[in-house]
Amino acid sequence: MPQPLSYPGVYIEEIPSGVRTITGVATSITAFIGRAWKGPLDDAVTITSIADYERMFGGLWRKSTMSYAVSQFFENGGGQAIIVRVATRTGGSKAVAASLNLSGGTQIFASSPGTWGRNLKVSVDYTTRDPSDTKLFNLTVLDDSEIKNDSEKQGGTGIQETFLNVSTDTTSPRFVKKILEQQSQLIRAGTVGANRPNATAGVSPLATSGQDGQDLTGTIIDGNSASKQGIFALEKADLFNLLCIPPLTPGDSGSDIPLGTWTKAATYCEKRRALLIVDAPRDWTVSTGGNAATNKITGFSAIIRRNASIYFPRVKLPDPLQGGVLDTFAPCGVIAGLMTRTDSTRGVWKA
């Protein structure tokens, strides 16, 4: 604000500078696409630690190559990751959320597909703020570690959630469907009956409900741009710099990512100015991988090379789920972690 000019003299007026500090842009946010034990499907979820992954996606799972890649990413210096969980979407063996029909017409679902939801226990009581209100009830859900109805027989996490004074009234601010959608990590409400469920000490979902789905295929990862599934779920992310798509199935006899999927992923990375980390096929050896006679590297000539890099050989690391026995893993998670660590300790100019 200018000073009042009340007498002759020299006056100083300070004005805001137009200079702004230059903010650094992230260079090593890594996106992972693959199968997970639990968690939202076809969504881009940002995590910053392996603990985040364990809480939201269930941690290591033998059938999930992505779970190992994410673990190796953080072990080797990774800082921020975006997880896209994909699963079988159609057909008789698609991934399905476990469900439970309570009395009064109310249906409860696990918050995401998978057999992990078979371990959930739900209880209802009427100790509410207004016992005379026949629409109010308290809902408690436990991810029981003792049930072990899931496909891996590992049991639940032991997490318990309690929601007080929820209502079956759709006009209530405590409408149970809305409260569970916004506050629960474990369950969602489907159909909500007009009457509150009967009070129960604890009910388990049917052991036959909840399915993990079949092994992944390239088509599942390709997804759909219109519905933002698969690779295109990354449209929901503002920025990512590296993209990892671990193999479809684990082990030496598992399935690699098809070349067509690598091509689509590299094209998408070009659009998003990101780098695709390609895992070399399982059958590559030191003598055949770059040998002109076998000509294996030219098989990747269809992908956009300026936005992709291929790493060989695969890495041998202890498998925590197999008692620490050495196993072979795709290198994408390790490489992405090393890139992140180099960026943070040295700078993006260091190869």
Side-chain angles (χ1 to χ4, degrees), residues 28 30-35 60-78 81 84 86 214-222 230-231 240-270 274-322 324-342 351:
S28 51
T30 304
F32 292 87
I33 302 176
R35 201 176 183 189
L60 289 179
W61 180 29
R62 184 61 183 164
K63 294 181 180 179
S64 169
T65 56
M66 180 180 69
S67 67
Y68 286 94
V70 172
S71 176
Q72 292 156 10
F73 170 72
F74 286 110
E75 286 174 358
N76 285 276
V84 175
V86 293
Q214 291 182 321
D215 291 337
L216 296 182
T217 63
T219 303
I220 294 174
I221 293 178
D222 293 347
I231 294 171
F240 70 95
N241 311 109
L242 306 172
L243 175 58
C244 296
I245 310 178
L248 300 175
T249 53
D252 291 332
S253 60
S255 301
D256 291 318
I257 299 296
L259 182 59
T261 298
W262 285 132
T263 303
K264 292 179 181 179
T267 302
Y268 184 72
C269 283
E270 181 187 36
L275 177 70
L276 174 66
I277 300 178
V278 179
D279 297 312
R282 298 171 193 271
D283 61 352
W284 278 26
T285 64
V286 174
S287 60
T288 63
N291 192 307
T294 55
N295 215 24
K296 290 185 178 293
I297 192 67
T298 58
F300 288 85
S301 59
I303 70 174
I304 301 173
R305 298 191 175 196
R306 66 183 179 184
N307 285 85
S309 61
I310 188 166
Y311 284 87
F312 171 83
R314 300 209 165 187
V315 296
K316 285 189 175 293
L317 295 169
D319 185 348
L321 298 183
Q322 302 296 313
V325 175
L326 287 178
D327 202 353
T328 303
F329 298 94
C332 62
V334 175
I335 296 299
L338 292 174
M339 286 182 172
T340 301
R341 187 171 68 189
T342 301

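If you're wondering where the values come from, they're calculated on a predicted model, not measured in any experiment.
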Hey, could you give me the [atom1]/[atom2] distance between [X] and [Y], rounded to the nearest 0.5 Å?
{"X": "Lys63", "Y": "Gln214", "atom1": "NZ", "atom2": "CD", "value": "10.5 Å"}
{"X": "Leu338", "Y": "Phe73", "atom1": "CG", "atom2": "CZ", "value": "10.5 Å"}
{"X": "Phe74", "Y": "Asn76", "atom1": "CZ", "atom2": "CG", "value": "11.5 Å"}
{"X": "Cys244", "Y": "Tyr311", "atom1": "SG", "atom2": "OH", "value": "10.0 Å"}
{"X": "Leu242", "Y": "Ile277", "atom1": "CG", "atom2": "CD1", "value": "5.0 Å"}
{"X": "Leu326", "Y": "Asp319", "atom1": "CG", "atom2": "CG", "value": "9.5 Å"}

Which atom names give the shortest non-hydrogen contact between [X] and [Y], and what distance separates them?
{"X": "Ala308", "Y": "Val278", "result": "CB-CG2, 4.3 Å"}
{"X": "Val86", "Y": "Ile220", "result": "CB-CG2, 4.0 Å"}
{"X": "Asn307", "Y": "Ala274", "result": "ND2-O, 2.9 Å"}
{"X": "Phe32", "Y": "Gly333", "result": "CE2-CA, 4.3 Å"}
{"X": "Cys269", "Y": "Leu276", "result": "SG-CB, 3.8 Å"}
{"X": "Pro258", "Y": "Leu248", "result": "CD-CD1, 4.2 Å"}

Derivation and outcome, side-chain contact (heavy atoms from CB on, under 4.5 Å), residues Leu60 and Ser71: CA-CA 8 Å; Leu60 289 179; Ser71 176; 4.1 Å; yes
So do [Y] and [X] actually touch side chain to side chain, heavy atoms under 4.5 Å?
{"X": "Asp215", "Y": "Arg35", "result": "yes"}
{"X": "Gln72", "Y": "Pro246", "result": "no"}
{"X": "Met66", "Y": "Val84", "result": "no"}

With respect to Asp327, which candidate in Arg314, Lys316, Arg62 satisfies the salt bridge (charged side-chain N to carboxylate O under 4.0 Å, His left out) definition?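 Testing Asp327 for a salt bridge (charged side-chain N to carboxylate O under 4.0 Å, His left out) against Arg314, Lys316, Arg62 leaves exactly one candidate, Arg62.
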Evaluate the criterion side-chain contact (heavy atoms from CB on, under 4.5 Å) for residue pair Leu275 and Met339; output intermediate values, then yes/no. CA-CA 11 Å; Leu275 177 70; Met339 286 182 172; 4.0 Å; yes
CA sep, side-chain torsions, deciding dist, call: Ile257, Asp279, side-chain contact (heavy atoms from CB on, under 4.5 Å): CA-CA 8 Å; Ile257 299 296; Asp279 297 312; over 6 Å; no
Mind checking whether Phe329 and Tyr68 have parallel, tilted or perpendicular rings, split at 30° and 60°? tilted
So, does Ser64 use its side chain to make a donor-acceptor pair with the main chain of Trp61 at under 3.5 Å? no
Regarding Thr261 and Asp222, is there a side-chain donor-to-acceptor distance under 3.5 Å anywhere? yes
Stepwise, does the side-chain contact (heavy atoms from CB on, under 4.5 Å) test hold for Thr249 with Leu216? CA-CA 7 Å; Thr249 53; Leu216 296 182; over 6 Å; no
